[in-house]
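Below is one structure, written out as structure tokens; comments come after it.
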Protein chains: 2
Amino acid sequence: MTDSAAQLAPLPDFPDLESHVRPDDHQALRLWLRLLSCTNLIENEVRSRLRAQFNTTLPRFDMMAQLDRVPEGLKMSDLSRYMMVTNGNITGITDQLEKEGLVERVKVVNDRRSSLIRLTPAGKKAFAEMAAVHEQWIQTLFSDLPDTDRTTLHGLLGRLKSSIHSQLPSLA
Amino acid sequence: MTDSAAQLAPLPDFPDLESHVRPDDHQALRLWLRLLSCTNLIENEVRSRLRAQFNTTLPRFDMMAQLDRVPEGLKMSDLSRYMMVTNGNITGITDQLEKEGLVERVKVVNDRRSSLIRLTPAGKKAFAEMAAVHEQWIQTLFSDLPDTDRTTLHGLLGRLKSSIHSQLPSLA
DNA sequence: TATTGTTATACTCTATAACTATA
DNA sequence: TATAGTTATAGAGTATAACAATA
């Protein structure tokens, strides 16, 4: 693996937030604008495909993804933390998915305030179908990036994430 | 510069969308979840500070940033492309900023359908103050990442962005 | 016919805060 | 007192689509 990525020719000028970067902008700002452009590019595409092909939204998909990985279910406060949104929003998304029979609230015996949310069999099935297609989208969108570059990127973003969490301890 | 980033110990488990990655998830999906986590982490913080300290929003800030870099102004359709939102939304944000005296619509002679949007002197001043503080936030948030890592990251994200644009030519 | 911008609409996501029921 | 979840509210952002004016 090399550092050649840093020495490549300038990119073509795609129209986005990065378009008006100026020569005197500092490295961190340029990096942030590019990070934001990349993420928005992919996220918008994924949102639009989720809507078109599965009539769902990213938050709904994300919630089902979290639940799919914990078959016994998750408390709403856990979901709230993982999805980084407030409690009331989790109630709203849960209500939608419950009405469609994709998740269920399961009472727990030891604490009558809380319940576990988990996927129903129908929810598991629906999510499995979406997840397979979703993963294929992601594979394809990232497929031009060589394996080593993906690994490097993953590692560097891990450092960035740790560093930011240590600066914003309110989040951890 | 080395590839050491790829060989580091696993990250602490911060509660976010990445929390439930499974051993059999493929590299591209892991990378995408981490990219999304990092961006959301920073973006949420920036949104919240823009709200608290300047009583503004990210789209408003972004629009002023675009305009600040083109003193003669931009057409609304240009802004629409750069900000990757539809035309109606640009009208809405422009209306807000115009009412506050931060931008103005300037008629162009050769095409009476369109006008140029540009910052007013008050808008320039207000943006300059915000931009300086905003850049300081970004500098700080990225400051733990060594210079070489920032450069590598910038380069790799550039490759990713090009690759995605070439897959989604509708955007270019 | 195509393009620029506006308007109207509807929906989702979001935070905040007050509330309840339990612990 | 503190915690889990609900409800109500208000605001922002978004896409879609119909529209007027102009090219």
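In what follows, chains are A, B, ... by sequence order, proteins preceding strands, each numbered from 1.
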How about A:H134 and B:L29: do any of their side-chain heavy atoms sit closer than 4.5 Å?
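Touching, per the 4.5 Å side-chain cut-off.
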Indicate whether the side chain of B:T151 and that of A:Q27 have a donor and an acceptor atom separated by less than 3.5 Å.
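A:Q27 and B:T151 do have a side-chain donor-acceptor pair below 3.5 Å.
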Is it true that A:D149 and A:T152 share a donor-acceptor pair across their side chains at a distance under 3.5 Å?
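No.
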Is there a side-chain contact between A:S114 and the phosphate of D:dA4, meaning an N or O under 4.0 Å from OP1 or OP2?
no
Answer with yes or no after comparing the ring centroid distance for A:F61 and A:F127 against a 6.0 Å cut-off, counting only values under it.
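Ring-ring flag for A:F61/A:F127: true, centres closer than 6.0 Å.
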Suppose we screen for side chain to side chain donor-acceptor pair (under 3.5 Å). Which residues come up paired with A:D78, at least two apart in sequence or across chains?
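Counting only residues at least two positions away or on another chain, A:D78 forms a side chain to side chain donor-acceptor pair (under 3.5 Å) with A:R81.
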Taking 4.0 angstrom as the limit, do [X] and [Y] come out as a salt bridge?
{"X": "B:R30", "Y": "B:E18", "value": "no"}
{"X": "B:E129", "Y": "B:K124", "value": "no"}
{"X": "A:R34", "Y": "A:D16", "value": "no"}

Starting at CZ of A:R81 and ending at C1' of D:dA4, how long is that distance when rounded to a whole Å?
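A:R81 atom CZ is separated from D:dA4 atom C1' by 12 Å.
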Heavy atoms only, 4.0 Å cut-off, all strands: where does A:S48 land among base, sugar-phosphate and nothing?
nothing
Where does the chain A footprint on DNA chain C start and end, counting 5' to 3' with a 4.0 Å heavy-atom cut-off?
C:dT12 to C:dA23
Counting primed atoms, P, OP1 and OP2 as sugar-phosphate and everything else as base, the B/S/- map of nucleotides 12-23 of chain D against protein heavy atoms under 4.0 Å is SSBBB----BBS
